[in-house]
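Residue numbering restarts at 1 for every chain, and letters A, B, ... go by the order of the sequence lines. These values consider heavy atoms only, across backbone and side chains, with no hydrogens, waters or symmetry-generated copies.
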2 protein chains.
Amino acid sequence: MRSIPRTESFPAHTPAVSQVFTIVLSHGPLTRLEVARRAGLSAAAVTKAVRPLMEAGYLAEGADEDAPPALGRPANLVRVDGGRALFIGVKVTGDEIIGVLTDLCCRIRVARHVPLTDHDPKAVLASIADLTQELRTEADDFGVQVLGLGLAVSGDVDRGEGVVRYSPFLEWRDVRLAELAAMTTGLPVTVDNDVRALTVAEQWFGTGAGLTDFAVVTVGAGIGCGLVVHGQVVAGAHGVAGEIGHVVVDPAGPRCHCGNRGCVEAIAGDAAILARVREVIGVQVADTAEALALAHRGDAGAREVYARAGDAIGRGIATVANLLGPERVIISGEGLAAYDLFAEQIRDSFAEAAFGSAARCDVLTRPLPFDEWARGAAATAIQSFIRSDT
Amino acid sequence: MRSIPRTESFPAHTPAVSQVFTIVLSHGPLTRLEVARRAGLSAAAVTKAVRPLMEAGYLAEGADEDAPPALGRPANLVRVDGGRALFIGVKVTGDEIIGVLTDLCCRIRVARHVPLTDHDPKAVLASIADLTQELRTEADDFGVQVLGLGLAVSGDVDRGEGVVRYSPFLEWRDVRLAELAAMTTGLPVTVDNDVRALTVAEQWFGTGAGLTDFAVVTVGAGIGCGLVVHGQVVAGAHGVAGEIGHVVVDPAGPRCHCGNRGCVEAIAGDAAILARVREVIGVQVADTAEALALAHRGDAGAREVYARAGDAIGRGIATVANLLGPERVIISGEGLAAYDLFAEQIRDSFAEAAFGSAARCDVLTRPLPFDEWARGAAATAIQSFIRSDT
DNA sequence: ATCCCTTCTTTTCCGTCGTCAATAAAAGAA
DNA sequence: TTCTTTTATTGACGACGGAAAAGAAGGGAT
């Protein structure tokens, strides 16, 4: 990721500084002593680590808020000054580009999306550049600089090299996206797989904060999965990991575009559900929304299809739990609109197929706003920024 | 693991020392410069790290052997002096206890096994103590001290606490095995799950050396799986991980003792294969060996059963590969006696069910001598010893 | 033979990081 | 006011690892 651009860089002089900042970032305002405890450092080290970060404006002394009057010297909370820096996250899908402007705490300030018609890398790059420029103009209104750009693309992405190895939706192969985007925008660019980006957001700013082992499962057009093991996002030796969508749960099931039968995605993906509803009810069902409406109206056939999808997802999650024993599984994705239809079946099938203590893993759902994917991209940019000096 | 015993401890004063020793341990004799390169340290740091280890006798200057006469000062190879210390590894199964005496390089010096009749913790402990004592006597013949005892037990084991949470074969629940064994033997004791122990052996002394992401799959009475992700063995948040045996590959398959249908183990476990062969051929098939012989003799029915087992294993491995994208999968276990019957089917099914680049993962087999399980236990003891001072 | 060249190893010096222990600060309680 | 309690800071100190230069141990060239 030899980023040519010369922007401000993070004063992460030492490992302790990075560690302290990361802890404050993901665990809200904390006293220095508490930070020391969590980081396994001495209080002195925290004081020393905090100073340069406060001088640079990244950390601030927090308001005591509703401090229950305790004995002894009152604690001075340390928190991240979110407004200190802005980042842009962009998610590229087959038919649109979603961009968000976030602050250092990954809170969304502005969100935009533009349709995408041409999949040629040059055209996509131009769209990204336009959207980025637009968001940077917005940033100027806050009077704060944008310090990084994150791009999330589905498919096989090498984050370290900033290369999209293969993206089926865009029909890209070996596109050096980070380099190209850095050239046109002049920003440091991070490129990552979309599900992994979402997982990073969850790990640093969401429900996965503080956990060393968890999984994020996304339900929508495809079924994806991001994994965090030993506190790090799993990328796979060949750049592919978390392909829960192509775990086979029923060898007698419907054929999947990957060539196999009964993949989770071939049963619970949007297209699969729609196809199956049509098969059961008739071709007059126009789209996913209509299928959903049918099921909500109580149509037995449609409900059955959704239940089967829930079963497949539940089994898929159980497989992840059996293999990795995560602390938590976070289910998310656009498909959650139909969550009330899946929910029970997911839980039942998970409980049934999970082995022993693996079933103790806690499964929760998080609705996914449409711009959350882009926020994930921003999270990777923030991550890269913080680590840039390491 | 508050180990009461007072034995010699490893001089791992600094992280660099540990790292250097680990590298030399698993990558054979190396020049100091090569070690520096692999560890990301300076040559000076390696020299400094090596000195105390050589003074303590753990490292030695290696013979140049077949040094191809190169330019410049000839290299001084550094290697681990295996004979410097001995370790004992014990694997406890339902019906016997296998013990090995290994050196610091985890090479087996002596192997013993004794039958086990009584599953009561006290009785098992007594057997372990006897076997340990016997092996320590052997160790005296070498004039070297035994510095640690590793115990491998199947089931849910908490290595950190040294507790066997639940072992189905032994019918144990929450047995504080490390503590008990330390008391009776006076040695530092490490207790771990058997498959994880085998994985540690593979990671440090076997085909997994140097890899940061790989899986070990054991085929036998049960189907197990040890995972290494980000260079660490996966233990799971609740102590359970790698349960590939209970991944469902065919919901219409035979019922498994875990309550589900079509688990890998319910199709490819020894008992499952035997049951199925009987079903196909007749009850006169006495045991696994006979089933195997039948298949080897070319009986179509038996061969079919083995092929189906291979298919289940291949699909299971593909699931692991899809989720984690390991660099390599090592197939091992007693069941490998039948490997020629599985092999093709495993590979075919794996290739078919693996998604995208996940299929690039290299699948290899390693025959598993009967005392390899105990060697795994010894490996965990060595690991604990080396980290004891960290 | 002698000198040079190459490569591996060691030494010496030095900067940095984080801990320790002592001290300061900021309250409430006596 | 003074004491107690808890949090934060300071400064001395020690340890670790890097940089650079010197040393060591050959082979090859003249």
Problem set entry | Side chain of A:Leu33 - closest among D:dT10, D:dT7, C:dT9 | D:dT7
Exercise. So A:Cys106 and A:Arg375, side chain to side chain contact (heavy atoms under 4.5 Å, CB included) or not? Walk me through it.
Worked result: CA-CA 7 Å; A:Cys106 214; A:Arg375 181 170 173 260; 3.7 Å; yes
Problem set entry | By ring pair (Phe, Tyr, Trp, His ring centres under 6.0 Å) - contacts of B:Phe214 (at least two apart) | none
Exercise. Looking at D:dT9, D:dT7, C:dT9, which one has an atom nearest to any side-chain atom of A:Ala75?
Worked result: D:dT7
For this session: Identify the nucleotide, in any strand shown, that forms a Watson-Crick or G-U wobble pair with C:dA30, with both distances under 3.5 Å; if there is none, say none.
Result: D:dT1
For this session: Figure out the CG/C1' separation between A:Leu30 and D:dA8, and round it to whole Å.
Result: 15 Å
For this session: Quick one, give me the B/S/- string for nucleotides 24-30 of chain D, reading 5' to 3', where B means a protein heavy atom under 4.0 Å from the base and S means that only happens at the primed atoms, P, OP1 or OP2.
Result: BBS----
Exercise. Tell me, which pairs form a side-chain hydrogen bond (donor to acceptor under 3.5 Å, both in side chains) where one or both residues lie in residues 197-208 of chain B, sequence neighbours left out?
Worked result: B:Glu202-B:Thr207, B:Glu202-B:Arg366
Exercise. Can you check side chain to side chain contact (heavy atoms under 4.5 Å, CB included) on B:Arg32 and B:Val35, steps first, answer last?
Worked result: CA-CA 5 Å; B:Arg32 290 173 172 77; B:Val35 173; 5.5 Å; no
Problem set entry | Under 3.5 Å donor-acceptor, B:His230 side chain and A:His230 backbone | no
For this session: Scan residues 19-27 of chain A against DNA chain C and write down, sorted by residue number, each residue with any heavy atom closer than 4.0 Å; if none is found, say none.
Result: none
Exercise. Cation over ring, B:Arg387 on B:Phe10, under 6.0 Å and within 45°?
Worked result: no
Problem set entry | Under 3.5 Å side-chain donor-acceptor pair for A:Thr380 and A:Arg196 | no
Problem set entry | side-chain hydrogen bond (donor to acceptor under 3.5 Å, both in side chains): pairs with one or both residues in residues 41-60 of chain A, sequence neighbours excluded | A:Glu8-A:Tyr58
Problem set entry | Gap between atoms CG and P, on A:Asn76 and C:dA24 respectively (whole Å) | 19 Å
Problem set entry | N or O in side chain of B:Arg32 less than 4.0 angstrom from C:dT7 OP1/OP2 | no
Exercise. Roughly how far, to the nearest 0.5 Å, is the OG1 atom of B:Thr22 from the CZ atom of B:Arg38?
Worked result: 13.0 Å
For this session: Kindly compute the distance separating CG (A:Leu177) from OG1 (A:Thr190), expressed to the nearest 0.5 Å.
Result: 11.0 Å
Seminar exercise, completed: Reading nucleotides 12-19 of chain C from 5' to 3' and marking B where a protein heavy atom lies under 4.0 Å of the base, S where only the sugar-phosphate is that close, and - otherwise, the string is B----SSB
Exercise. Counting any heavy atom closer than 4.0 Å, what does B:Thr31 reach on the DNA or RNA strands: base, sugar-phosphate only, or nothing?
Worked result: sugar-phosphate
For this session: Would you mind telling me which of A:Leu104, A:Leu101, A:Val146 makes a side chain to side chain contact (heavy atoms under 4.5 Å, CB included) with A:Phe87?
Result: A:Leu104
